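Everything on this sheet refers to the single structure shown next.
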Amino acid sequence: MVPVGVAMEAKKWSEDNYGKTLKKTSNLKSNACLAPSQPIPAFVLKALQKIHPEVTPKYYGCGLVVPECLEDCKLLDLGSGSGRDCYMLSQLVGEKGHVTGIDMTEDQVHNLLFRSWEHICFSPDKRKVLSDAYRLLKDGGELYFSDVYSSRKLSDEIKNHKVLWECLGGALWWGDQVRLAQEVGFSPPRLVTANVITVDNMELEAILGDYQFVSATYRLFKVPKISNKGSLVIYNGNITGFGESLEFDAQYTFKVDEVVEVDGKVASILSHSRFAEGFTFQPPGVPAGCGVKKPKVGTVNPFELVLQLGSATVSSATGGCCGAESSCCK
């Protein structure tokens, strides 16, 4: 249980800082919430270019999170801010889809389709945010989001530091994220990407000491809990923008017509979500007519992934954080 006073203080800080003090990205006190330089798919970039120039400068760069296969989906953008991503996503879901933006800072919300709600990064009650997101999702729906995580549980000094509330002060230890997600009902989290975060502010670095931070993207699904019986899957290549291959997460990249062995949890995700029509499923042991690709070892620890990707340390590059989207798909 989080004291009401703590929750109110967090909300007030967000309203004062993001609603009144910050008018553009250059007003940020650290670079912890600047987005990492990730490649942007051409169809997403095309949609971003159509957004009005008054909206883009008020976007605080907390990670561009765009899941695949969005046609006709109903989406919630949690922590939508100025609504930049909502305007972009509305182009991807098409005429039959729907996008609603939700943010806890009312000064950021300036469209009747945008509503005020609490954001994961700034919420002192992470369990409630995840639980509410799970409740809102349809069966087969997904919470796809980028947030900032710490290498260990944060001290009260860091949690209560006014400037660090920009992003780092609300960071969750990554292990708690994995545990809480499953406790509220989600399938085991799938880690997609991880980027190191630096502050580049000597005063704040002194306060942080040896704490390390990463921005990580996870995908959480509301699908049936099944046994560990695996499956052989073949990607059909019919998802918009991913005609040759689909990089589903850090462990699985599916190429067209390639037979891949997946475990029972991933098989349940693919077969009970919007991705079902994008794959052909075969039970294990059925001759596939060609070699079967075995998956590489996966991890849910974003700090391990950073090292696997070749970074010398976890504190030497810039990352992003705090973007969240929930897709309630058929």
Side-chain angles (χ1 to χ4, degrees), residues 63 65-79 89 92-93 97-100 102 120 126-147 149 172 174-194 216-233 235-236 238-240 242 246-254 260-281 295 298-302 305 323-330:
V65 282
V66 185
E68 316 84 1
C69 195
L70 295 182
E71 290 89 345
D72 301 337
C73 284
K74 294 181 180 179
L75 307 183
L76 294 178
D77 184 355
L78 306 182
L89 291 167
L92 304 186
V93 300
H98 181 80
V99 180
T100 300
I102 300 178
I120 294 177
K126 316 290 187 182
R127 178 190 293 273
K128 185 178 187 304
V129 175
L130 290 171
S131 178
D132 286 349
Y134 183 84
R135 176 177 54 82
L136 290 171
L137 285 170
K138 293 182 179 180
D139 290 340
E142 176 187 11
L143 173 64
Y144 185 95
F145 67 105
S146 176
D147 209 348
Y149 298 96
L172 189 66
W174 71 269
D176 282 340
Q177 156 64 28
V178 173
R179 174 181 59 82
L180 289 173
Q182 294 179 84
E183 286 181 357
V184 303
F186 283 108
S187 60
R190 307 300 307 178
L191 177 61
V192 181
T193 61
T217 299
Y218 284 98
R219 52 194 332 163
L220 311 178
F221 286 86
K222 185 176 182 177
V223 296
K225 308 297 188 296
I226 61 171
S227 68
N228 288 325
K229 186 177 181 181
S231 179
L232 301 178
V233 302
Y235 176 49
N236 301 329
N238 57 0
I239 295 178
T240 300
F242 303 91
L246 173 66
E247 188 173 342
F248 186 73
D249 57 27
Q251 184 179 13
Y252 290 99
T253 295
F254 301 104
V260 181
E261 181 179 307
V262 299
D263 62 33
K265 297 180 180 64
V266 174
S268 179
I269 288 173
L270 295 178
S271 61
H272 292 90
S273 69
R274 67 189 188 281
F275 290 97
E277 295 182 0
F279 288 84
T280 300
F281 299 85
T299 180
V300 293
N301 182 344
L305 181 59
E325 286 162 15
S326 170
S327 58
C328 307
C329 299
K330 298 178 181 178

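The structure displayed is predicted, hence computed values, not measured ones.
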*Can you say whether the rings of F221 and F275 are parallel (under 30°), tilted (30 to 60°) or perpendicular (over 60°)?*
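Because their plane-to-plane angle is over 60°, the rings of F221 and F275 count as perpendicular.
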_Parallel, tilted or perpendicular, as decided by the 30° and 60° cut-offs, for the rings of F281 and F279_ =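 Judged by the thresholds at 30° and 60°, the geometry between F279 and F281 is tilted.
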Check [X] against [Y] and note the closest heavy-atom contact, atom names and distance.
X    : Y    : value
H98  : V93  : N-CG2, 3.8 Å
L130 : Q177 : CD1-OE1, 4.1 Å
A181 : L220 : CB-CD1, 3.8 Å
A267 : S231 : CB-CB, 3.9 Å
Q251 : G298 : NE2-N, 3.5 Å
V184 : Y134 : O-CD2, 3.6 Å

Any side-chain heavy atom of [X] within less than 4.5 Å of one from [Y]?
X    : Y    : value
Y252 : D263 : yes
V262 : F254 : yes
F248 : Y235 : no
P189 : Q182 : yes
I239 : R274 : no
K222 : L143 : no
E142 : S273 : no

*Distance only, no hydrogens: is a donor on one side chain within 3.5 Å (strictly under) of an acceptor on the other, for E71 and T240?*
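A pair is found: one side chain offers a donor N or O, the other an acceptor, under 3.5 Å apart.
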Inter-residue atom distance [X].[atom1] - [Y].[atom2], 0.5 Å rounding:
X    : Y    : atom1 : atom2 : value
L191 : T193 : CG    : OG1   : 7.0 Å
T100 : L89  : OG1   : CG    : 11.5 Å
D72  : L92  : CG    : CG    : 12.0 Å

*Partners of E183 by side-chain contact (heavy atoms from CB on, under 4.5 Å), sequence neighbours excluded?*
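side-chain contact (heavy atoms from CB on, under 4.5 Å) check on E183 returns R127, R179, L180.
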*For E247, which residues count as a side-chain contact (heavy atoms from CB on, under 4.5 Å) partner, sequence neighbours excluded?*
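Partners of E247 under the side-chain contact (heavy atoms from CB on, under 4.5 Å) test: T253.
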*Return the set of residues passing side-chain hydrogen bond (donor to acceptor under 3.5 Å, both in side chains) with D249 (not counting sequence neighbours), or none when no residue passes.*
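D249 satisfies side-chain hydrogen bond (donor to acceptor under 3.5 Å, both in side chains) with R190 only.
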_Tell me which one of F186, Y144, Y149 satisfies ring-ring contact (aromatic ring centres under 6.0 Å, His included) with Y218._
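Checked F186, Y144, Y149 against Y218; only one passes ring-ring contact (aromatic ring centres under 6.0 Å, His included): Y149.
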